[in-house]
Amino acid sequence: MSKSLPKRFQHPFKFDKKYQKSVAYFSMEFAIDQSLKIYSGGLGFLAGSHMRSAYDLKQNLIGIGVLWKNGYYTQYKKEDRSMGALFREKIYHFLEDTGIKFTIEINHHPVWIKALYLSPDTFGSAPMFFLSTDLPENDYLARSTTFRLYDSDPSAKIAQCMVLGIGGAKLLDELNYEPDVYHLNEAHALSAAFHYYKKTGSLDKVKEKFVFTTHTPEEAGNEKHNIDVLNNLSFFAGVPMDEVRQITGIEGDVFNHSLAALRLSHKANGVSKLHGEVSRDMWKDYDNICYIDHVTNAQNKKYWADIFLEEARLNNDEKALVARKKRLKQKFFEEVADQTGKLFDPNVLTIVWARRFAEYKRADLITRDIERFKKLLDNEKYPVQIVFAGKPYPMDYGAINVFNALVHLSKTTKNMAVLAGYELKLSKICKTGSDVWLNNPRVTREASGTSGMTAAMNGSINLSTNDGWIREYEDHGKSCFVLPIVDHKLPTYEQDALDLDNLYKILEEEVIPMYYDTPKKWNKMMLHSMNKVVPFFDSSRMADEYYTKIY
């Protein structure tokens, strides 16, 4: 096997001597550019920033993903303005067909896979390969494997993971390329380890090659399947069941993908300092797992930060910062008006909650005391505008109901808006146009959370529970506002009630008065927040740490 890629796929730069070790980075989703819709949320945003920083730092790294024909889904509003999910074919003329085709076995049938290539210079990313089963050689069931990101059918989801894992590992074989490191960004591509074990027959060689990043802070959130179902679907790449049990140490019927990844890798990491601690505690009773370090997530400032806000930050120019922020709010409110018919005021304090809708993230927390919420929004002396945006998983009906409840509440609330189509472009507009970035997950449930980093890069001040990355950034009243930690062992309804009360106290007693009564202090806080988020939360630091700490 060769130590270098075929010439047509090689990096367009000489590697920095610090980053010469070769790495293949496997991820189910990548948010590289608005035009390439193969991501759902934070995992993709993180992976996309990693690929951009790998390019910026001249690292010897390639990305391997899946070309989702219909993407995650296109979010829209139905006739009554409730949420709809549209699965529409996407066509990308900037991807190059490599001509590489091969088969993997899924459910005792050969499934053809083709590989497409994203040139590094297209978006300024590492060289990337995307796998697809949408080929005429396949029947409809096989072709549809790569139609929708995170298929709701369990067997289809397993097949998707096999395309990424076994398919990605076989792609490297087809390229005659042997990287030094296989980096699994979450356990979706775990089947690559079984392909590599089948090829080498050595558990030690697998462990020598593989590293694993976990993004899930709860054991219950880690994917599990019946081991016989996985075996029947050929998930273990032809490795006999007794050997699978031997190398993974899994004895019962339930196969825990994260546990297996921890036993087949030489190192793993959580995605914040707190998440590393939570993960080590979560897995401490399991034997033969690798050490779990941490590399705090970060985002690519070059992509995310508004250039004029960044120029004002570098020049410590408060006047330019305030003027640019007002202009960006106006641009943001054009989108609000277009989607909702509401005209927001750029002089009014604007709060934004925007990210994936999930139960523990509590999108609707601020609305749960409806009298207090109405009082907040009806205050003529200290007016407030609030915007919500984000995509629930299309089969998560609880999260969709929360989205719809907010939409219906907004119909009778003139200074509240709910936006659809939360992808990279809208995310950027929300961050540049917001004054306050609201983030209120239940503490310990958010492994890292990265949206607040890019909000801070754009002069939006974080108002957050003390979870994930915020613990490494928080400086209450100076760079952000942070809710006091409540006991996460309390029943969730008690946690929610305490967090809700603390949220309103901070809003009413600190955030709103500072914005209106002491604008100079607010502007200083904006600058301090922007200065503090870089360079540590720029993904160049993160991409460097993966080489120095994990690879």
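Source: prediction; values computed, not measured. Atom set for the values below is all heavy atoms of this structure, side chains included, hydrogens, waters and symmetry mates excluded.
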Exercise. Taking 4.0 angstrom as the limit, do E311 and R324 come out as a salt bridge?
Worked result: no
For this session: In sequence, state the C-alpha distance, the side-chain angles, and the governing distance for N185 and H215, and then conclude on side-chain hydrogen bond (donor to acceptor under 3.5 Å, both in side chains).
Result: CA-CA 8 Å; N185 187 38; H215 294 260; 2.7 Å; yes
Problem set entry | Aromatic contact, F212 with H183 (centres under 6.0 Å) | no
Exercise. Does the salt bridge (Lys or Arg N to Asp or Glu O under 4.0 Å) test come out yes or no for D467 and R445, once each step is laid out?
Worked result: CA-CA 8 Å; D467 203 8; R445 298 287 299 276; over 6 Å; no
Exercise. Is there a side-chain contact between M542 and N297, using heavy atoms and a 4.5 Å cut-off?
Worked result: yes
For this session: Output all residues satisfying ring pair (Phe, Tyr, Trp, His ring centres under 6.0 Å) with W437, sequence neighbours left out; order by chain, then residue number.
Result: none
Problem set entry | Main-chain N/O of F87 paired to Y72 side chain as donor or acceptor, under 3.5 Å | no
Problem set entry | Residues H50, F30; criterion ring-ring contact (aromatic ring centres under 6.0 Å, His included); working and verdict | CA-CA 9 Å; H50 198 146; F30 291 92; 9.3 Å; no
Exercise. After noting the C-alpha distance and the side-chain angles of Y393 and Y150, does the key distance pass the ring-ring contact (aromatic ring centres under 6.0 Å, His included) rule?
Worked result: CA-CA 9 Å; Y393 177 66; Y150 303 133; 7.3 Å; no
Exercise. Do E334 and Q330 have side-chain N/O donor and acceptor atoms under 3.5 Å apart?
Worked result: no
For this session: Verify whether one side chain among T145 and Q160 offers a donor that lies under 3.5 Å from an acceptor in the other.
Result: no
Exercise. Between K273 and D293, is the closest basic N to carboxylate O distance under 4.0 Å?
Worked result: no
Exercise. Should K428 and D306 count as an ion pair when the cut-off is N to O under 4.0 Å?
Worked result: no
Exercise. Hey, mind stepping through D281 and K284 against salt bridge (Lys or Arg N to Asp or Glu O under 4.0 Å) and telling me if it holds?
Worked result: CA-CA 5 Å; D281 183 65; K284 67 180 186 298; 3.1 Å; yes
Problem set entry | Lys/Arg N to Asp/Glu carboxylate O, E359 vs R442, below 4.0 Å | yes
Problem set entry | Contacts of Y473 that satisfy ring pair (Phe, Tyr, Trp, His ring centres under 6.0 Å) - sequence neighbours left out | W469, F537
For this session: Could you tell me whether the side chain of L463 reaches within less than 4.5 Å of the side chain of L503, counting heavy atoms only?
Result: yes
Problem set entry | Close side-chain approach of E318 to K524, heavy-atom, < 4.5 Å | yes
For this session: Decide yes or no on side-chain hydrogen bond (donor to acceptor under 3.5 Å, both in side chains) for E446 and H275, but give the supporting numbers first.
Result: CA-CA 8 Å; E446 189 72 88; H275 182 226; over 6 Å; no
For this session: Would you check if the distance from the ring center of W304 to the ring center of F45 is below 6.0 Å?
Result: yes
For this session: May I ask you to check whether T413 and K374 show a side-chain donor-acceptor distance below 3.5 Å?
Result: yes
For this session: Determine, stepwise, if the pair H225 / H257 fulfils side-chain hydrogen bond (donor to acceptor under 3.5 Å, both in side chains).
Result: CA-CA 8 Å; H225 290 102; H257 293 248; 2.9 Å; yes
Exercise. Where do C430 and Y422 come nearest, in terms of heavy atoms and distance?
Worked result: SG-CE1, 4.3 Å
For this session: Could you tell me whether F94 and F123 have their ring centroids closer than 6.0 angstrom?
Result: yes
For this session: Would you check, one step at a time, whether the test ring-ring contact (aromatic ring centres under 6.0 Å, His included) holds for F481 with H476?
Result: CA-CA 5 Å; F481 298 98; H476 182 84; 5.7 Å; yes
For this session: Apply side-chain contact (heavy atoms from CB on, under 4.5 Å) to the pair K319 and N523, showing each step before the final yes or no.
Result: CA-CA 9 Å; K319 185 178 178 182; N523 298 339; over 6 Å; no
